[in-house]
Amino acid sequence: MFRSHVMICGGTGCTSSGSDKVAEAFENEILANGLENEVKVIRTGCFGLCALGPIVVIYPEGSFYSRINDSDVKEIVSEHLLKGRPVTKLLYNETVAEDNTIKSLDETAFYKKQVRVALRNCGVINPENIEEYIGYDGYQALGKVLTEMTPDEVIQVILDSGLRGRGGGGFPTGLKWKFASSNRGKVQKYVCCNADEGDPGAFMDRSVLEGDPHALLEAMAIAGYAIGANKGYVYVRAEYPIAVNRLQIAIDQAKEYGLMGENIFGTDFSFDVEIKLGAGAFVCGEETALMTSIEGHRGEPRPRPPFPAVKGLFESPTILNNVETYANIPRIILNGAEWFKSMGTEKSPGTKVFALGGKITNTGLVEIPMGTTLRTVVEEIGGGIPNGKKFKAAQTGGPSGGCIPASLIDTPIDYDNLIAIGSMMGSGGLIVMDEDDCMVDIAKFFLEFTVDESCGKCAPCRIGTKRLLELLNKITSGNGEMEDLVRIKELSEFIKANSLCGLGQTAPNPVLSTLHYFYDEYVEHIQNKRCPAGVCKALLNYKIDQDKCIGCGKCAKNCPADAITKTTYIAPGHKLPSLTIDPAKCVKCGACMDGCKFGAISKG
Amino acid sequence: MKSLAELAAIRDKMRQTVATRDDKASVRVVVGMATCGIAAGARPVLNAFTEDVARRALENVMVTQTGCIGICQYEPVVEVYEEGKEKVTYVKMDPAKVARVVSEHLVGGTPVAEYTVGTISK
Ligand SMILES: Cc1cc2nc3c(=O)[nH]c(=O)nc-3n(C[C@H](O)[C@H](O)[C@H](O)COP(=O)(O)O)c2cc1C
């Protein structure tokens, strides 16, 4: 029996900031102190607060240590684990009150308003140990549906819960299952999981796989029972090695425990899951392309109908759901549809996981009830914008979504509200932008991504997005005309209306939404050849204020293009002649401005 | 897995293990583990509490440790905090005494008066 558990984050974020070494150091130090039979070290999934990784949590106290190095470990072991004195200076400072008492995590701004359903086990269990999952009621839901419920009853509970697909579209999950439920036992069917997660900046699904892989497997088996399928595929990108590895371990353990395979719980239900690795093409997240890729062909979409529920993988009825969608299923089965509906909003019940990124203090993973306002996410949970900068906009839905400007920061986040303001939920990337971000440049960034990722099968997407990007480039390079804005709108509408799959149908969204909310910024680029945020290089002009310049010459030394020379003007009070920048030679790298101690150089 | 009973057995066994990570505790058993406590044999006491509490699956009890409680001559010292009740301080504890504290106090609700600081310091 272990009296203390040291939980070390083994998610991707903390692993890249060195949590493996920290875990090793703990193991060594615990051995050295003879505590190996008293203290257990466990590598978990993501705690969410990636900005402060590596994270270490020690139970039973629940002490939350942040930014731990392997050199801190000795002190934690000898003080906390041996003598029972938490090392306050290494604790996450939000958990330490002014009188040095330790607050619970639920009292910190980051966690207070979060509700963890999909992420319930992340950071709580050892994802590589099926028994820990079982200890937290794992596989109880599967046991319940197999022994107490008919497949139709299972579908009814999911329908009643109002659960909607967390992969972006928000389609009612119960309905999808219902469509695929006819002819049970008569035809081969498949249950697929979309773990492709290609949006830039998104890592929600990856974190569930890393932190709680059995939740996915259990849910897929429940789905298999509901629609009458005996085989599942998880499509996950090979770029997620930790996730793939833990998922494989989970599958092997589930088989070993007879929770997967033949005659589960002694019933006549059998179910098996296989991993299919994707090569990391964004389009393979689209459902028909994903299935084509699983079949072993080039990952290209095909027209719908027929819908996958009728003719999907290997021409058989198939359901495809997102990782987070599945992660909710066991809890809905155990706690009931009413419980699920008690969270979130009427039309979007439950919670949603977001990957917070960009200009925000607490970058990381958060799970909030639907209907939480963007302001709460940014200002409270996210800890606001660093460096005292102003919030300008947030992008949701990644390259298929749009931006939410500061004026709409009080919008409650749910599927319908986001669509209404020209964005979308997407799979949960939430990128925060401040006053230093240029919205034309942001639109360009996402469009460059879709141009790269367009599979090329249909012309509107392949050619249309490329032409659209050229129009944006024209504007950011200072050659834009007002008519271009009309062309952008027309072309965007055309691409949306005529592309074969969701990739093209949504690709213009970031452009349209920035154009809608930040029209003046586009106009400023075109008419005044100016980038107000100071991002678009071609439109930048660096200038030296002749009266502030003391003539030290540091900027001229820093300039890689020899664009800065002396003038003959000596400002009042100064001894040396001031300098000036030749705009024809300037490469707009900003090295002069970064080096000037006198604030004499400005850009605009 | 051939039956729900088998699953329930694993769950119940694991509940004891993972209960350490719950913060449902309404009772805290705090063992003084500063140098003085350790020298006087606090570690076996701490471990005996951990094991007994887990074995009896007392989910509302958290066993933890602290530094010097300040009465070194009475080490090992164990304090029991219970919501809404006065703290009980046990002194000169050893693993043999732990079983009684668990069964009479933590389970039964009546502190073992003869081990408390009030009795022993007299
Ligand atoms: C270009 C493109 C990329 C997509 N990428 C993903 C993805 O990475 N993960 C995901 O779950 N859904 C993705 N989707 C949505 C899927 O097509 C599908 O709607 C979803 O997996 C269905 O599951 P859900 O109903 O549980 O959300 C993508 C769609 C498009 C058009």
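Every chain is numbered from 1 and lettered A, B, ... according to where its sequence line falls, protein lines coming before strand lines.
For A:E148, no part lies near chain B; criterion is any non-hydrogen pair under 4.5 Å. Using a 4.5 Å cut-off between heavy atoms, A:E79 does not touch chain B at all. Proximity to chain A (any heavy atom under 4.5 Å) is shown, for B:V18, by both the backbone and the side chain. Interface residue A:I42: only side-chain heavy atoms are found under 4.5 Å from chain B. Residue contact with chain B, scored on non-hydrogen atoms closer than 4.5 Å, involves the side chain of A:M7 exclusively. Contacts between B:L4 and chain A at a heavy-atom distance below 4.5 Å involve backbone atoms as well as side-chain atoms. In this structure, chain B has a heavy atom under 4.5 Å from the backbone of A:F2, while its side chain stays farther away. The parts of B:T64 that come within reach of chain A are both its backbone and its side chain, each placing non-hydrogen atoms under 4.5 angstrom from that chain.
The distance between the ring centers of A:Y133 and A:H214 falls below 6.0 angstrom. A ring-centre distance under 6.0 Å is not found for A:Y65 and A:Y92.
With salt bridges taken as basic N to acidic carboxylate O contacts below 4.0 Å, none links A:E218 and A:R331.
We find the NZ-CD distance between B:K87 and B:E82 to be 14.0 Å, quoted to the nearest 0.5 Å.
For the residue pair A:E61/A:H80, the side-chain donor-acceptor check at 3.5 Å is satisfied. Using a 3.5 Å distance cut-off with no hydrogens or angles, the side chains of B:E6 and A:Y257 do not pair a donor with an acceptor.
Proximity to chain A at a heavy-atom threshold of 4.5 Å picks out B:R43, B:L46, B:N47, B:T50, B:E51, B:A54 from residues 42-59 of chain B, in numerical order.
Scanning for side-chain contact (heavy atoms from CB on, under 4.5 Å) contacts around A:E29 gives A:N33, A:V73, A:K74, A:V77, with sequence neighbours left out. B:E104 meets the salt bridge (Lys or Arg N to Asp or Glu O under 4.0 Å) test with B:R100; sequence neighbours excluded. Under the rule for a side-chain contact (heavy atoms from CB on, under 4.5 Å), the partners of A:D252 that lie at least two apart in sequence or sit in another chain are A:Q248.
B:Y81 carries B:R28 over the face of its six-membered ring, with the cationic atom under 6.0 Å from the centre and within 45° of the normal. With a 6.0 Å cutoff to the six-membered ring centre and a 45° limit on the axis angle, B:K92 does not count as a cation-pi contact of B:Y74.
Between chain B and the options A:G143, A:G135, A:G266, A:G138, heavy-atom pairs under 4.5 Å are most frequent for A:G135. For the options A:L82, A:V124, A:T147, A:I264, heavy-atom pairs under 4.5 Å to chain B are most numerous at A:L82.
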